[in-house]
There are 2 protein chains.
Amino acid sequence: MTDSHEDVSDLLPLREPTFLILLSLAEGQKHGYAIIKDVAEMSRDRVTLSTGTLYEALARLLDQLLIERVEEPDEMGSHPGRPRKAYRLTLRGQRAVQAEVNRLQNLIAAAQQRLGLERQGSGD
Amino acid sequence: MTDSHEDVSDLLPLREPTFLILLSLAEGQKHGYAIIKDVAEMSRDRVTLSTGTLYEALARLLDQLLIERVEEPDEMGSHPGRPRKAYRLTLRGQRAVQAEVNRLQNLIAAAQQRLGLERQGSGD
DNA sequence: GCATTATATATCGGATACCGACGTATACAG
DNA sequence: CTGTATACGTCGGTATCCGATATATAATGC
């Protein structure tokens, strides 16, 4: 293991919208519009993705092999709007999410040292 | 309190280099080049700021009133290189750092929910 | 004395990601 | 059959980062 193409460190840091898109897909496969709603909910409405951000990010993440299309067998039959396109995380995508979480944890650890360890709960 | 000009939420998220610059200054006043070395050390050499990133960021942060020039009385007399310019965090800058830390903590909390709470230490 | 090195600030052009605005398409409710 | 919510897509503007380049100065080696 640890092939060269599995190294994901040069994709970091992820910007917040990109990270939240991947994190949303970590829960299971979703189509684009569902990701927008999920990210809004997950962030308690702090982050509302524009469609520009979302669909450009999906194209980029496909290209980077962090996500892949799911050819949904059928099942999600009738619904308003254009035909949905579902995506899921690849193994590489899962690694990228984990690597980004580690980066964030290291950042917070550094911050707590510098700020004298005083903590602030989840202040909004 | 809570004047309108004290609201820093529209400055978030901070990009990693910007956050680390402010965090470095949270320790005490520094000049530019010292920030570069400190950030490298703080991040265990994961982040090495280019001078372009640093000095452009300092100009921007001055403009946003997150940092201010310190007219060093003298004291740091002789040294190689151009005359140093020292900076320190403003109160507003301290608020921005804390707000960013809170954002990061919220992000990690969301991630741990989605990823099933499995933790990975400070993997590098 | 003089070249080299380490320190230090500054600017510029290219690249990337985000974002708002706009456009298209489709199903369902009234 | 008009409106609304859903759904995908593109484009131009903007902010930040980054490598390359330039400049300035003190100490060090010879």
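Letters A, B, ... mirror the listed sequences (proteins, then strands); counts begin at 1. Being a predicted model, the structure only gives us computed values, none of them experimental.
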Hey, is the main chain of B:Leu65 close enough, under 3.5 Å, to the side chain of B:Thr90 for a donor-acceptor pair? yes
What integer distance in Å separates B:Ile36:CD1 from C:dA10:C1'? 12 Å
Mark yes or no for whether B:Lys30, through its side chain, and B:Tyr87, through its backbone, hold a donor-acceptor pair below 3.5 Å. no
Would you sort out whether B:Leu11 and B:Leu66 count as a side-chain contact (heavy atoms from CB on, under 4.5 Å), showing the intermediate values? CA-CA 10 Å; B:Leu11 301 175; B:Leu66 298 184; 3.9 Å; yes
For the residue pair B:Ala96 and B:Leu12, what are the closest heavy atoms and their distance? O-CD2, 4.2 Å
SB check B:Asp7 B:Arg92 (cutoff 4.0 Å): no
Between residues 14-22 of chain B and DNA chain C, which residues have a heavy-atom gap below 4.0 Å? none
Pick out which of B:Val101, B:Leu107, B:Ile108 makes a side chain to side chain contact (heavy atoms under 4.5 Å, CB included) with B:Gln105. B:Val101
Round to the nearest Å and state the distance from A:Arg46 atom CZ to C:dC18 atom P. 14 Å
Cut-off 3.5 Å, no hydrogens considered: what does the side-chain donor-acceptor table look like for residues 46-64 of chain B, sequence neighbours left out?
unit_1, atom_1, unit_2, atom_2, d
B:Arg46, NH2, B:Glu16, OE2, 2.6
B:Ser50, OG, B:Thr53, N, 3.2
B:Ser50, OG, B:Thr53, OG1, 3.0
B:Arg60, NH1, B:Thr18, OG1, 3.3

For A:Gln94 and A:Leu91: C-alpha separation, side-chain torsions, deciding distance, then whether side-chain contact (heavy atoms from CB on, under 4.5 Å) applies. CA-CA 5 Å; A:Gln94 293 172 38; A:Leu91 181 55; 4.2 Å; yes
For B:Lys85, the option from B:Glu71, B:Arg69, B:His31 that meets side chain to side chain contact (heavy atoms under 4.5 Å, CB included): B:Arg69
Side chain to side chain contact (heavy atoms under 4.5 Å, CB included) with B:Lys37: which residues, sequence neighbours excluded? B:Tyr33
Looking at every heavy atom in both A:Glu100 and A:Pro13, which two are closest together, and how far apart are they? OE1-CA, 3.8 Å
Heavy-atom pair of closest approach, residues B:Leu23 and A:Ala111: CD2-CA, 3.6 Å
Within this structure, what is the CD1-to-C1' distance between B:Ile35 and C:dT9, rounded to whole angstrom? 12 Å
Return whichever of A:Tyr33 or A:Pro13 has its heavy-atom-nearest nucleotide of DNA chain D closer to the 5' end. A:Tyr33
Using a heavy-atom cut-off of 4.0 Å to chain A, what are the terminal contacting nucleotides of DNA chain D, in 5' to 3' order? D:dT6 to D:dG12
Check DNA chain C against residues 47-61 of chain A and give the residues with a non-hydrogen atom under 4.0 Å, in numerical order. A:Ser50, A:Thr51, A:Gly52, A:Thr53, A:Glu56, A:Arg60
Whole angstrom is fine here: how far is it from CD in A:Gln64 over to P in C:dT16? 10 Å
Treating primed atoms plus P, OP1 and OP2 as sugar-phosphate and everything else as base, which nucleotides of nucleotides 24-30 of chain C get B, S or - for protein heavy atoms under 4.0 Å? BBBSS--
Between A:Arg114 and B:Ser24, what is the shortest heavy-atom contact and its length? NH1-CA, 3.6 Å
Given atom NZ of B:Lys37 and atom C1' of C:dT7, what is their separation to the nearest angstrom? 7 Å
